[in-house]
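Here is the structure we will look at.
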Amino acid sequence: MTDDAPSNLPQLGQWQGPDDLQRLQEKQLPQTVTWAARSPFYRKWLKSATALPTTPADLAALPLTTKQDLRDNYPFGMLGVPKERLATYHESSGTAGRPTPSYYTAEDWTDLAERFARKWIGISAEDVFLVRTPYALLLTGHLAHAAGRLHGATVVPGDNRSLAMPYARVVRVMHDLGVTLTWSVPTECLIWAASAAAAGHRSDVDFPALRALFVGGEPLTDARRKRISRLWGVPVIEEYGSTETGSLAGECQNGRMHLWSDRALFEVYDPATGNVSAEGDGQLVVTPLYREAMPLLRYNLEDNVSVSYDDCACGWQLPTVRVLGRSAFGYQVGAAKVTQHRLEELVFSLPETYGVVFWRARAEPAALRIEIEVAQEHRAAAEAELAASIKAAYGVDSDVAGLAPGTLVPNEALTGMSDVVKPRSLFGPDEDWGKALLYY
């Protein structure tokens, strides 16, 4: 399927305002609930109902579905179709306890791919798209791969958890293949720039084909986004989603994140009061409308968000979301709560001439300990300025230590090529047979 052959699912621009959007949701909701009633988990919830929910108001009478519900029903307690109809099976990235399963039919995948591909800059057959997030059991790499193929792009599967794709190879591929689009966590973009510099390239000059960097999967402050954008000379376009749901929101050209409310029903839940509303601040609750393999009714992502229906000049006529969850998490230092989000803003507000992009911090009871990579000629100034900005922002003391570049992100990680071999047991007399077990 390509750009000129969209599916019969709702497409951007097919509604006029919130009321029209609500009619789209209400038209699909009865089918969504019927799919859910086929799964063992929801069958128990719905069998006592005199009638299946058909409106958002009816749906609000059901309890929230939680991540623990998914774990408790591992692996197929949420299944709404015969197993032979499944196209893929996935699990979220957590490693502790029972897995959080997720599965999709081929039809579900059309919806997934279309949502991810809603990038304002576009994806086309002219693009060379580097997918630099994990494949394996996670959804993220497969999702971007499918979206690229949906629009005819040449996809480069650069899994960032594969020894066969070290950073030196990423930079070579980006340069030699003329990569136009990438998908990764924001931190990857900073490491690529350092790896490119180690290879003798200027990231903002020597990659002229690059059009945009697609990012997601970790918090991103405005200060770090701007630094990444200037390092590469292209826009940084963020999106929001999860393995359990796929893409839920994406940025428009005006930099606002919009919920895909034509493909899912969203609610905002206040855990303190139990109240639910269409907008405001609280935890995001989602009911995907076009998911048959594993229907989810009122699934609480437990991400703190702020949702509004303010007008946006982009014309998408979709609600705006700000994801607040992880930006509010922090540690106590003295009388202040130090958050990564605010601290990142301070680090990336240092003068760019200092070249500070890699850092780490430890929140201790009486003071904040920070280490930054910075060249010797800028070290004293960077240490003093960051300590002063932390004092001004939090009113706490800090121990800022400047480290030589290559300390936090070793030069070998930027330039090295891993020894990736196939299984082999027979070696010649002059060969190192210690490599016989390197396959594992």
Side-chain angles (χ1 to χ4, degrees), residues 1-15 24 28 81 85-90 102-160 173-174 177-184 209-217 234-235 237-253 257-264 286 288-294 314 316 318:
M1 188 180 295
T2 57
D3 282 327
D4 56 358
S7 71
N8 57 2
L9 297 168
Q11 305 296 319
L12 292 175
Q14 288 185 347
W15 59 88
L24 269 178
Q28 179 61 23
V81 298
R85 283 198 56 204
L86 292 183
T88 60
Y89 171 90
H90 305 272
S102 193
Y103 22 90
Y104 301 91
T105 66
E107 292 79 11
D108 293 339
W109 263 104
T110 299
D111 172 44
L112 285 172
E114 286 189 352
R115 279 187 278 143
F116 183 93
R118 286 177 166 180
K119 303 291 190 286
W120 64 261
I121 205 164
I123 302 174
S124 76
E126 296 179 353
D127 283 308
V128 179
F129 185 20
L130 173 65
V131 178
R132 182 63 177 169
T133 59
Y135 279 66
L137 280 177
L138 298 184
L139 185 72
T140 171
H142 305 280
L143 179 57
H145 193 118
R149 292 303 309 127
L150 181 73
H151 290 282
T154 300
V155 178
V156 181
D159 185 347
N160 72 330
V173 163
M174 289 180 68
L177 273 61
V179 166
T180 61
L181 301 170
T182 67
W183 165 239
S184 69
L210 192 65
R211 299 198 299 123
L213 303 166
F214 300 156
V215 300
V234 298
I237 301 172
E238 191 176 11
E239 83 149 45
Y240 167 65
S242 73
T243 287
E244 303 97 282
T245 62
S247 176
L248 295 174
E251 280 187 347
C252 71
Q253 195 163 0
M257 188 87 74
H258 293 282
L259 290 169
W260 305 137
S261 291
D262 60 319
R263 302 289 183 95
V286 57
L289 292 172
Y290 294 92
R291 183 164 181 192
E292 189 176 2
M294 184 176 161
C314 71
W316 285 357
L318 290 166

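In this text the structure is predicted, and so the values were computed from the model without any measurement. Only this structure's heavy atoms are used, side chains among them; waters, hydrogens and symmetry mates stay out.
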Residues in side chain to side chain donor-acceptor pair (under 3.5 Å) contact with Asp111, at least two apart in sequence or another chain =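 For Asp111 the side chain to side chain donor-acceptor pair (under 3.5 Å) partners, ignoring immediate neighbours, are Arg115, Arg263.
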
Taking the side chain as C-beta and beyond, is there a heavy-atom pair between [X] and [Y] under 4.5 Å?
| X | Y | value |
| --- | --- | --- |
| Ser247 | Arg118 | no |
| Phe214 | Ile123 | yes |
| Asp262 | Gln14 | no |
| Pro235 | Ile121 | yes |
| Leu213 | Ser184 | no |

For [X] and [Y], work out which heavy atoms get closest and say how close.
| X | Y | answer |
| --- | --- | --- |
| His258 | Trp316 | CD2-CE3, 3.7 Å |
| Ala106 | Ala87 | N-CB, 3.6 Å |
| Phe116 | Ala147 | CD2-CB, 3.4 Å |
| Ala153 | Phe129 | CB-CB, 4.4 Å |
| Thr182 | Met174 | CG2-CE, 4.2 Å |

Is a donor on one side and an acceptor on the other found under 3.5 Å between the side chain of [X] and the backbone of [Y]?
| X | Y | value |
| --- | --- | --- |
| Arg211 | Leu181 | no |
| Thr180 | Val128 | yes |
| Glu292 | Tyr290 | no |
| His142 | Leu137 | no |
| Glu251 | Ile237 | no |

Evaluation steps, side chain to side chain contact (heavy atoms under 4.5 Å, CB included), between Thr133 and Leu138 | CA-CA 9 Å; Thr133 59; Leu138 298 184; over 6 Å; no

Rounded at 0.5 Å granularity, tell me how far [atom1] in [X] sits from [atom2] in [Y].
| X | Y | atom1 | atom2 | result |
| --- | --- | --- | --- | --- |
| Thr245 | Arg291 | OG1 | CZ | 7.5 Å |
| Trp183 | Glu239 | CH2 | CD | 4.5 Å |
| Leu318 | Trp15 | CG | CH2 | 4.5 Å |
| Ser102 | His90 | OG | NE2 | 7.0 Å |
| Leu139 | Thr88 | CG | OG1 | 7.0 Å |
| Glu126 | Thr154 | CD | OG1 | 10.5 Å |

Please work out whether the ring planes of Tyr103 and Tyr89 are parallel, tilted or perpendicular, with thresholds of 30° and 60°.
-> parallel

Run the numbers on Thr140 and Tyr135 for side chain to side chain contact (heavy atoms under 4.5 Å, CB included), then give the verdict.
-> CA-CA 7 Å; Thr140 171; Tyr135 279 66; over 6 Å; no

By side chain to side chain contact (heavy atoms under 4.5 Å, CB included) - contacts of Glu107 (at least two apart) =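 Side chain to side chain contact (heavy atoms under 4.5 Å, CB included) list for Glu107, sorted by chain: Arg85, Thr105.
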
Going through the checks in order, is the salt bridge (Lys or Arg N to Asp or Glu O under 4.0 Å) test met by Lys119 and Asp127?
-> CA-CA 13 Å; Lys119 303 291 190 286; Asp127 283 308; over 6 Å; no

